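Single-structure report; data block below.
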Amino acid sequence: MSGTILGISAFYHDSAAVILHNGEILAAAQEERFTRKKHDSGFPLHAIEYVLSESGISFNDLQAVAFYDKPYIKFERLLETYHAFVPRGLKSFISAIPVWIKEKLFMKKLLRDELKKFGDAKIPLLFPEHHLSHAASAFYPSPFDEAAILTIDGVGEWATTTLCHGKNNRIRILEELHFPHSIGLFYSAITYYCGFRVNSGEYKLMGLAPYGDPESDQKKAIKQKILDDLIDIKVDGSILLNMKYLNYATGLRMTKDKKWTKLFGFPPRKPESEITSQYMDLALAVQEILEEIIMKLASRVKERTGCNKLVMAGGVALNSVANGKLLKSGIFDDIWIQPAAGDAGGALGAAYAAWYIWKGMERRNDNLADQMKGVYLGPSFNDRQILLTADQYKAPCHHFRDFNELAKTTAKKIDEGAVIGWFQGRMEYGPRALGNRSILGDARNPEMQKKMNLKIKFREGFRPFAPTVLEEDMEEYFNLNIASPYMLLVIPVNEKRLYPLPDGYHQLTLRDKLYFQRSDIPAITHIDYSARVQSVNQTTNPRYWQVISEFKKLTGCSVVINTSFNIRGEPIVCTPEDAYRCFMRTEMDYLVMGDYMFIKTEQKEIFSKEDIDKFSLD
Ligand SMILES: [Fe+2]
């Protein structure tokens, strides 16, 4: 029996659409990439249009449309929460409830109306629960027939953490933790208190944590206060939060700032202000607590399922530092994490739940590789389309007939200190750029982290970059013996590459710590000697693999910096035009798109007359 399911996530954050055809993912993309509005939570009109046209399937031929949560249960949660906290939640009740009554409660009608734009057939509309969607996105595309499943996020309907057992085409929910007790929202509350944006600044908090001093009295005191007054962690990993300190259940803010200020002795950090040591220690304390909880939950789900393999999803599964430690702990022999672990991935999970649970289809898994196709599931553009952009902007570019030559030239430019925009094939699904919409640089260059943060990404200098390493060489550089294709694991850099810390290191300022050279690949070695590693192999992404191989031939080094192709506050680029505009707005040196290399007009003097003629279009 054949069939096609359209999966949708929308109206919370990171809207997305996916087409699943006979259990195979044909196309998937987030709405933000088309509308250029970061974390766009609107109805994913453009993403649906794209996935339908990419897969050549007409809306009227769909077997079902699956939405990633159950709006009625979510509404019930809102009502009960406001009831439980009456009258404290009155202000946010007044602002939230009319929106729900108008829009979200009538989700089915709203979705039907929106979907009419694509066709008039009355396709069955399914609503798998939010955490079931996350669990399905973790288990069904994984390489495992059977696995323990752990999903952790802010909140879905009621559930904030779920422990499940997946076997063949079935998922059984074993235990749930319910709102307002939420590991994700607790982490977000600290994110807010440290001056970063909730729902997008959590990465920054994780990146800030290693700047804290694990042995300092300040960090120990902060951690103790959190454990005494804010959170109670049970042996099974479930938590109870002290809602006297948290405002998200009823208010429009995350925390009760006055109470926190009294508890910690320092106020919430103002966004963009200097990051002082107490915020670094707070970030570290909460990261340690998060890791303790995840270890306990992992042990619990192992105990309940008896499985030695684990799959994970939900926004908290993007905490790659905790993931790396979980892998190292050996609680499970093998771990697979859904790369689109946040709510964008809910669209995929909803579609899978429809196919395997609603339809009851058999799972066909060869057990060798996962089903994500490297997450290269978005739009691609051919050389003709790239040339149209060049023409439109009168952009100097050069066509390479031979890709080997382009790979060699790019590798040489990276070795010379250039920063390269690298745009190839299908755009990635999920939050990470994995070599198709990436910015590349030399990981050996001690100036590169600063240059890329300040001149290319326009973002905080402390934020680390991630490396891509050739899969066959990864053990040379990192303490990693399984492939990490999705950049979801933070792993120690191999000891033989490290330089020792100077005396009095922990007394240094953030700036001095940041620019201390810690290894022979300093641009990607984080302050605690770790790196968020992507490994690439020749089969999944031959072009990306080749450019790094050429770099290795030239320099002996199999590692490059890979950061997403965007600037701060913008979604990752989608089209050649997005890429070219981003290239021109930053101090990026070259842009490679398809078989073309673009330069900036002011760079012309570094080329010979003959070269310029080759680059010029007019
Ligand atoms: Fe979620």
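Each ligand, and each atom within it, is numbered from 1 in the order the structure gives. We use all heavy atoms of the structure for the numbers below, so side chains are in, but hydrogens, waters and symmetry mates are not. By convention here, the first residue in the shown sequence is residue 1. If you're wondering where the values come from, they're calculated on a predicted model, not measured in any experiment.
- Nearest N/O/S atom of Asp153 with respect to the Fe ion (ligand 1) is recorded as OD2.
- The atom of Asp343 nearest to the Fe ion (ligand 1) is OD1, with the search restricted to N, O or S atoms.
- Using a 4.5 Å heavy-atom threshold, the side chains of His46 and Thr35 count as touching.
- Aromatic rings from Trp260 and Tyr193 are positioned such that their centres are separated by under 6.0 Å.
- Note on ring orientation: taking the six-membered ring where Trp is involved, the planes of Phe67 and Phe127 are perpendicular (angle over 60°, cut-offs 30° and 60°).
- A tilted orientation is assigned to the rings of Tyr140 and Tyr352, their planes being inclined by 30° to 60°.
- Taking backbone and side-chain atoms together, His131 has no N/O/S atom less than 2.8 Å away from the Fe ion (ligand 1).
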